[in-house]
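Let me begin by presenting the structure, written as C-alpha cells, before commenting on it.
All values below come from the heavy atoms of this structure, side chains included, with hydrogens, waters and symmetry mates left out.
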Amino acid sequence: MITTSSLSKWAALFAIQAALSVAAGAFGAHALTTILDLKALGWWQTASQYLMYHSLAGLAVSMSSLALKAPRILLLFSVGNLLFAGSLYLMALSGLTFLGAVTPLGGLCYLMAWGLLALRLWRAST
C-alpha cells in the first residue's frame with residue numbers, strides 16, 4: 001500500500017541520492033583529477049551524471065506516484081542507482097574492472113523503470 005508517508009521517504013531517499021551525485025561530481029572534479037587516469041575519471045563522471053538523472057526521475061515519480069501506483073518504479077530507479085553508479089564509482093576508485101559486469105544490471109533496472117513509468121503514464125491517460 002502506498003502512503004503519503006512512504007512516498008515522502010522515497011522522495012527523501014532520491015533527494016539524498018541527488019545530493020550525493022553533486023558531492024561525488026565535485027569530488028571527482030577537484031580531488032581525483034591528480035589521482036585517477038582519464039578512463040577512470042570518465043567512469044566517475046558517467047556515474048555522477050546517471051546518479052543525478054535517475055535521482056531526479058525517482059524524485060519526480062515519488063511526487064506523482066499516488067496517481068501512478070509506482071513503488072516498483074521507485075525501487076528500480078534506486079537499485080539502478082546503486083548498481084550502475086555504485087559499480088562505476090568503485091571501479092574508478094579501485095581499478096577493479098570486473099565490476100564493469102555489474103554496471104549493465106543497473107542499466108537494465110533503469111530501462112525497466114523507464115518502461116514501467118511509460119506504461120503507467122499511458123494507462124493513467126486513458
Minimal non-hydrogen separation, [X] against [Y], with atom names:
X: Ala92; Y: Leu36; result: O-CD2, 3.2 Å
X: Ala57; Y: Phe77; result: CB-CZ, 3.7 Å
X: Leu59; Y: Ala11; result: CD1-O, 3.5 Å

So how far is it from [X] [atom1] to [Y] [atom2], rounded to the nearest 0.5 Å?
X: Leu116; Y: Met112; atom1: CG; atom2: CE; answer: 9.0 Å
X: Ile73; Y: Ser64; atom1: CD1; atom2: OG; answer: 8.5 Å
X: Leu108; Y: Leu76; atom1: CG; atom2: CG; answer: 8.5 Å

pair Phe14-Leu74: side-chain heavy atoms closer than 4.5 Å
yes
Path from [X] to [Y] over hydrophobic side-chain contacts below 4.5 Å:
X: Leu20; Y: Leu13; value: no
X: Leu82; Y: Leu51; value: no
X: Leu75; Y: Leu117; value: yes
X: Leu32; Y: Met91; value: no
X: Leu96; Y: Val102; value: yes

What pairs meet the side chain to side chain donor-acceptor pair (under 3.5 Å) rule with one or both residues in [range], with sequence neighbours excluded?
range: residues 92-104; answer: Ser87-Thr103
range: residues 40-58; answer: Ser48-Tyr89, His54-Trp114
range: residues 16-38; answer: Gln17-Ser78, Gln17-Asn81

For side-chain contact (heavy atoms from CB on, under 4.5 Å), just list the numbers for Ile35 and Leu93, CA-CA rounded to whole Å, side-chain angles, deciding distance to a tenth of an Å, and then say yes or no.
CA-CA 9 Å; Ile35 299 169; Leu93 292 175; over 6 Å; no
